[in-house]
Asks: 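My questions will all concern the structure given below.
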2 protein chains.
Amino acid sequence: MSQPANAAAVAAEDASRVAARLRKIIEGHRLSPSQRRIARYLLERPAEAVFLTGNDIAEAVGISQPSVTRFAFALGFTGFPEFRDHLRAALRDGQDAAAEPTELNAVQAMIDSELRNLELLRDGLADPGRLLEVAAALAASRPLPVIGLRVSAPLAHLFGYLAAKAHPDVRVIDAPGSAMEDRLSRAADAGAAWALAFGLPRYPRELRDGLVWARRAGLRVALVTDHSVGALAEHADVVLEAPVSSQFAFDSQAAPSVLCAALVHAMLEALPTREQASIEEFENSAAERRLFLPD
Amino acid sequence: MSQPANAAAVAAEDASRVAARLRKIIEGHRLSPSQRRIARYLLERPAEAVFLTGNDIAEAVGISQPSVTRFAFALGFTGFPEFRDHLRAALRDGQDAAAEPTELNAVQAMIDSELRNLELLRDGLADPGRLLEVAAALAASRPLPVIGLRVSAPLAHLFGYLAAKAHPDVRVIDAPGSAMEDRLSRAADAGAAWALAFGLPRYPRELRDGLVWARRAGLRVALVTDHSVGALAEHADVVLEAPVSSQFAFDSQAAPSVLCAALVHAMLEALPTREQASIEEFENSAAERRLFLPD
DNA sequence: CCGCGAATGCATACTTTCATGCACGATTGT
DNA sequence: ACAATCGTGCATGAAAGTATGCATTCGCGG
């Protein structure tokens, strides 16, 4: 019943790497007619080959399953699984081939890991639909409570500072306990529909309590955190994932802070164009310019 | 740069597609603690996930194999194989889509520009000598005033939060004017030798005034900013450069926040090993653990 | 025509993988 | 404090996947 129909495939570049490996394996071996048919079959669909069982191949080629085992044996492997693992290894080697040649010092290694986090964040936003939805929802919530405790407090304040240009009533909450609960309740009473929370490791229990409280107060919760599954994500309506590397003494917050800016950016675009224009105007006003030094 | 030409990047996209599918599957399902651990494990290595058996996962995560079966069942599948086939299907679906190159959307372009900033930062730290010097100087200044106004205030607070573990008396100053001047003077009187300032665009005049005041009070000034020459840099003794992209409505602070973490990291290493050990101990103390959620 | 060896399939044993009943312990709500 | 529910691991059995002994067939050279 296990037809190749349910087998998956991998991208073309990976597939060609598998095919190359397969050719290399076969090279210099005398194969019987049946075995050549197997080889030919696999070379024709390298993308699926890595997932096929011996039975799948036998059935597809029209030979017996033991012939497949003997095929692997003839190629110098102790059995079919070992052969298949070699094909799979061709995939995995290709992925690690991105290893950087230059030696990095400790600080550079740290930055490098953050670079990879940003790459993950970027690739994860290939479809920005969810981000835009969340942004629109947050922009429409008046007021908008924003929660960030401990390490996440600066992030919440950064968001608050930026979002103030796209939202008239952002309320940053950086203290836990009853103070937070009071402010959440008051925000809900004032008409808030959503709350935004930043929950980076290590995840404070108090934040979870806060999320629970927020939802009990009738708020929906958008959560920025580094894993979409976890004790915090359980209590959020929407999760925005921003990877954090924990391999160093201190996590930096590159991805979350970028996500934060992206979120505000999206909120801005969710605004009526009239309001956008007024922001632009404010930015360039004489009053503003006097505040700042020339670039 | 919009479409990664090498095979490794394509493979990475495959992996991210598996991860995306996995997230979609998980979405909206209540998972038990063990099941969350499974989900996280798979999300962390999507490229391997499609090959793993239930037993592999159980062993790696440290749970029983039946829990893996139940995980698949909890996600709405009739069994583990069906679940795994769905992950593999994510690869197969992607094969055709991968043919046309993916153009980066606006959000991705923004992240991409931050990526380049981080690359600049990394390459600029090939010789970490200056960073270490600054870190040592800051670590030795008791107390240590840290200045960050407006957008830079969150950065200053982030630094303050992190540095508190490597320094007994960090004083974050986020308000300008006489309040700042008072606090700087008091810090100098208390024995401070250095001040750290974050000055990102747009550069507030008040920050320059603060730097001037600090130096008049006898402090040396380390400045984190995005250009080593400019109106601010003139009033600093040491400048640490952290590139910022200004092409979007809002600057994100990826590079500065990474530099911030790197700086604290370096301060930590400038510490006697005895103190480092005590930090480690504190981090792992029972009291600390109760504050946070597992994982 | 006979004999020989290689190739292959069949039947079957073995291994790995997966599913399920049951008991124990933890957590929750009353 | 007690009961109920949930989550988990262990033991076990079923199923899928793989390996191997044996018999048959085929081709080829005596």
Asks: To the nearest angstrom, how far is A/Glu59 atom CD from C/dC10 atom P?
Replies: 12 Å
Asks: For residues 169-187 of chain A, pull every pair meeting salt bridge (Lys or Arg N to Asp or Glu O under 4.0 Å), keeping only residues two or more places apart or in separate chains.
Replies: A/Asp169-A/Arg171
Asks: Under 3.5 Å, sequence neighbours excluded: what are the donor-acceptor pairs made by side chains of residues 42-54 of chain B?
Replies:
{"unit_1": "B/Arg45", "atom_1": "NH1", "unit_2": "B/Tyr41", "atom_2": "O", "d": "3.4"}
{"unit_1": "B/Thr53", "atom_1": "OG1", "unit_2": "B/Asn55", "atom_2": "N", "d": "3.3"}
{"unit_1": "B/Thr53", "atom_1": "OG1", "unit_2": "B/Asp56", "atom_2": "N", "d": "3.1"}
{"unit_1": "B/Thr53", "atom_1": "OG1", "unit_2": "B/Asp56", "atom_2": "OD2", "d": "3.2"}

Asks: Could you check if a side-chain atom of A/Val146 sits within less than 4.5 angstrom of a side-chain atom of A/Phe198, using non-hydrogen atoms only?
Replies: yes
Asks: Using the test side chain to side chain donor-acceptor pair (under 3.5 Å), find all partners of A/Glu119 that sit at least two apart in sequence or belong to another chain.
Replies: none
Asks: With sequence neighbours left out, what residues match A/Ala126 under side-chain contact (heavy atoms from CB on, under 4.5 Å)?
Replies: B/Gln108
Asks: Sort and list the pairs that fulfil salt bridge (Lys or Arg N to Asp or Glu O under 4.0 Å) and have at least one residue in residues 68-84 of chain A, not counting sequence neighbours.
Replies: none
Asks: With A/Pro145, which residues qualify under side-chain contact (heavy atoms from CB on, under 4.5 Å), at least two apart?
Replies: A/Ile173, A/Leu184, A/Ala187, A/Ala192, A/Ala195, A/Leu219
Asks: Identify, with sequence neighbours excluded, every residue that meets side chain to side chain donor-acceptor pair (under 3.5 Å) alongside A/Thr69.
Replies: A/Gln65
Asks: Taking only residues two or more places apart in sequence, or in another chain, which ones meet A/Phe77 in a ring-ring contact (aromatic ring centres under 6.0 Å, His included)?
Replies: A/Phe83, A/His86
Asks: Within residues 72-87 of chain A, find the residues that approach DNA chain D with a heavy atom at under 4.0 Å, and present them sorted by residue number.
Replies: A/Gly79, A/Phe80, A/Pro81, A/Arg84
Asks: Sequence neighbours left out, what passes side-chain contact (heavy atoms from CB on, under 4.5 Å) with A/Asp237? Give chain and number order.
Replies: A/Trp194, A/Arg215, A/Arg220, A/Val221
Asks: Could you check how far CD of A/Glu234 sits from P of D/dG7, rounded to whole Å?
Replies: 10 Å
Asks: Between A/Tyr203 and A/Arg208, is there a side-chain donor-acceptor contact under 3.5 Å, judged purely by atom types and distance?
Replies: no
Asks: Which nucleotide in the set C/dC18, D/dC10, D/dT18 lies at the smallest distance from any side-chain heavy atom of B/Arg70?
Replies: D/dC10
Asks: Just compare C/dT20, C/dA11, C/dT17 and give me whichever is closest to any side-chain atom of A/Pro66.
Replies: C/dA11
Asks: List the protein contact pattern of nucleotides 25-30 of chain C with one symbol per nucleotide (5' to 3'): B for base contact, S for sugar-phosphate-only contact, - for none; contact means a heavy-atom distance under 4.0 Å.
Replies: ------
Asks: For D/dC10, does OP1 or OP2 lie under 4.0 Å from any side-chain N or O of B/Ser64?
Replies: no
Asks: Hey, does the side chain of B/Ser67 come within less than 4.0 Å of D/dG9's phosphate (OP1/OP2), counting only N and O?
Replies: yes
Asks: Within residues 30-40 of chain A, find the residues that approach DNA chain D with a heavy atom at under 4.0 Å, and present them sorted by residue number.
Replies: none
